[in-house]
Amino acid sequence: MADQTYKSGFVSIIGRPNVGKSTLLNRILGEKIVAVSNKPQTTRNVIRGILSDEGSQIVFVDTPGIHSARNRINRAMVDAAMTAVTGIDLLLLVVDAAQKIDEPFVREICTKAGAPVWLVLNKIDQLEAKEKLFSVIEGYTKLYAFSEIIPISAQTGSNIERLVGLVRERLPTGEPFFPDDILTDLPEKFIVAELIREKVFRLTTKEIPYGTAVVVDAFQERESGVVAITATIMVERDSHKGIIIGKKGSMLKKIGEQARRDIERLLGTRVFLELFVQVQERWTERTAMLRELGYE
Ligand SMILES: Nc1nc2c(ncn2[C@@H]2O[C@H](COP(=O)(O)OP(=O)(O)OP(=O)(O)O)[C@@H](O)[C@H]2O)c(=O)[nH]1
Ligand SMILES: [Mg+2]
């Protein structure tokens, strides 16, 4: 007979770019599966992270930051995020506690939400004074009757356990949606590409990261236990290719080394990572390419 007390549900993590949504997902899972950087629009896909224990399964849905998108890929990203506002059990609206309240945005999300909205005040480690938090909370309370308001720091881990505990309590009873031993329903290949893309976002500047995408071409477990991975970093222009490769290959080497370390931690094995760079002109505007990369 099915367990009558087991709880399960979907919880979307929504917010403006750069507020710390992906940092929060990684922190909750205790593993890095999504890219985090100090540049806005780091996340491009809706990514489900699964937290299971004996009595519950919470599926957290990380989403691209919502902004006024101009080009094709960004519009696809925002559309994807907006679909995650409905068809869920709970919505975590993440904001940067140190930033001015974005009233129209908060109102829009709360109006469109198809589930109770909790306000997650992130980056409280950046508030100069604790008292400041009270006025921030007051400001948001005037805007909307949030079911919960939870101050956290995704970076330091402050109050994360409490947040997860409250979410678990509020979930409906029901069967698990996924096996209890997986962190995400996405293939390993996708997460590997995401970890490589994160390094490009962290190590390059200006428009370079926005014109890059990563595709894993081969993923092979060898008898020695080493996983051999070949991946291609796509760029939009020849000049960008030069930057990604760097002087005597120094940038590509750095991207590869840092990515390999993260991938090894995730897979728990030794990894041999080979990276290539390829120019695909205007791929961010091309339907076929966007589909192939899972962005549309
Ligand atoms: N000080 C501080 N920085 C944080 C905290 N959480 C996230 N950050 C930083 O904020 C930046 C953005 O974090 P992300 O997790 O990539 O933000 P995001 O909301 O997923 O951004 P998009 O994917 O672009 O929408 C990174 O530099 C993080 O290290 C926090 O609690 N405190
Ligand atoms: Mg993100």
Side-chain angles (χ1 to χ4, degrees), residues 11-49 60-71 73-85 91-99 102 105-106 109 118-130 132-133 136 149-164 184 186 190-191 193-214 258 262 284 294-295:
V11 179
S12 282
I13 306 175
I14 299 277
R16 287 284 196 207
N18 225 26
V19 295
K21 300 178 296 298
S22 301
T23 309
L24 174 61
L25 180 69
N26 287 337
R27 172 64 72 176
I28 288 171
L29 297 178
E31 295 264 10
K32 188 195 274 184
I33 66 159
V34 288
V36 164
S37 88
N38 61 7
K39 298 181 181 70
Q41 286 125 52
T42 300
T43 301
R44 290 187 183 152
N45 310 71
V46 168
I47 301 173
R48 283 166 292 274
F60 288 96
V61 185
D62 185 21
T63 61
I66 295 167
H67 59 286
S68 40
R70 268 176 249 118
N71 63 3
I73 183 173
N74 286 54
R75 279 203 304 274
M77 282 156 55
V78 172
D79 287 349
M82 287 309 292
T83 60
V85 169
L91 198 149
L92 301 181
L93 174 59
V94 182
V95 298
D96 182 335
Q99 296 269 322
D102 187 340
F105 174 70
V106 172
I109 295 298
W118 291 12
L119 181 71
V120 176
L121 296 167
N122 191 30
K123 307 199 187 184
I124 53 165
D125 56 293
Q126 281 192 330
L127 289 179
E128 317 95 64
K130 262 220 154 136
K132 185 105 201 296
L133 195 56
V136 175
I149 297 183
I150 306 160
I152 63 158
S153 170
Q155 186 149 294
T156 68
S158 169
N159 228 13
I160 300 297
E161 263 181 48
R162 176 153 175 272
L163 169 64
V164 173
T184 176
L186 288 165
F190 177 94
I191 302 300
E194 182 79 358
L195 294 175
I196 299 167
R197 203 171 58 80
E198 180 191 79
K199 303 308 172 280
V200 177
F201 261 72
R202 289 187 175 197
L203 294 168
T204 65
T205 56
K206 298 193 187 120
E207 78 273 29
I208 307 290
Y210 299 106
T212 54
V214 175
Q258 293 191 13
D262 273 2
T284 56
Y295 295 145

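This is a predicted model, so every value here is computed, not measured. Both counts, for ligands and for their atoms, begin at 1 and track the order of listing.
Side chains of Asp125 and Gln155: a donor-acceptor N/O pair is absent below 3.5 angstrom, by distance only.
Short contacts between ligand 1 and Lys21, defined as distances under 4.0 Å to a heavy atom of the residue, involve ligand atoms 15 (O), 17 (O), 18 (P), 19 (O), 20 (O), 21 (O), 22 (P), 25 (O). Below 4.0 Å from some heavy atom of Ser153 lie the following atoms of ligand 1, by number and element: 30 (C), 31 (O), 32 (N). Less than 4.0 angstrom separates some heavy atom of Ser37 from each of these atoms of ligand 1: 11 (C), 12 (C), 13 (O), 16 (O), 26 (C), 27 (O).
The proximity of Asp125 to ligand 1, defined as any non-hydrogen pair under 4.0 Å, is limited to the side chain. Only backbone heavy atoms of Pro40 (N, CA, C or O) come within less than 4.0 Å of ligand 1; its side chain stays farther off. When non-hydrogen atoms are compared, ligand 1 lies under 4.0 Å from neither the backbone nor the side chain of Leu24. Contacts with ligand 1 closer than 4.0 Å are made by side-chain heavy atoms of Gln126 only, the backbone lying farther away.
For a threshold of 3.5 Å applied to N or O pairs, the pair formed by Ala154 and ligand 1 contains at least one separation below that value. Considering both main-chain and side-chain atoms, Val36 never comes within under 3.5 Å of ligand 1 through any nitrogen or oxygen pair. No N or O atom of Ile152 sits closer than 3.5 Å to an N or O atom of ligand 1. Considering backbone and side-chain atoms together, Thr156 places no N or O closer than 3.5 Å to any N or O of ligand 1. For ligand 1, the polar-atom distance check against Thr63 finds no nitrogen or oxygen pair separated by under 3.5 Å.
Just one of Leu163, Ile152, Ile124 meets the side chain to side chain contact (heavy atoms under 4.5 Å, CB included) condition when paired with Ser158; it is Ile124.
Using modelled atom types, no side-chain atom of Arg16 and backbone atom of Val95 make a donor-acceptor pair closer than 3.5 Å. Distance alone, capped at 3.5 Å, is enough to place a donor-acceptor pair between the Glu194 side chain and the Ala35 backbone. Ser12 places a side-chain N or O within donor-acceptor distance of the main-chain N or O of Ala84, the cut-off being under 3.5 Å. Under a 3.5 Å cut-off, the side chain of Asn26 and the backbone N or O of Ile33 do form a donor-acceptor pair.
Not a single heavy atom of Gly15 sits under 4.0 Å from any atom of ligand 1.
Take Asp262 and apply the salt bridge (charged side-chain N to carboxylate O under 4.0 Å, His left out) test, not counting sequence neighbours, and it matches Lys32, Lys199, Arg265.
Listed by chain and number, the protein N, O or S atoms at a distance under 2.8 Å from the Mg ion (ligand 2) are Ser22 OG, Thr43 OG1.
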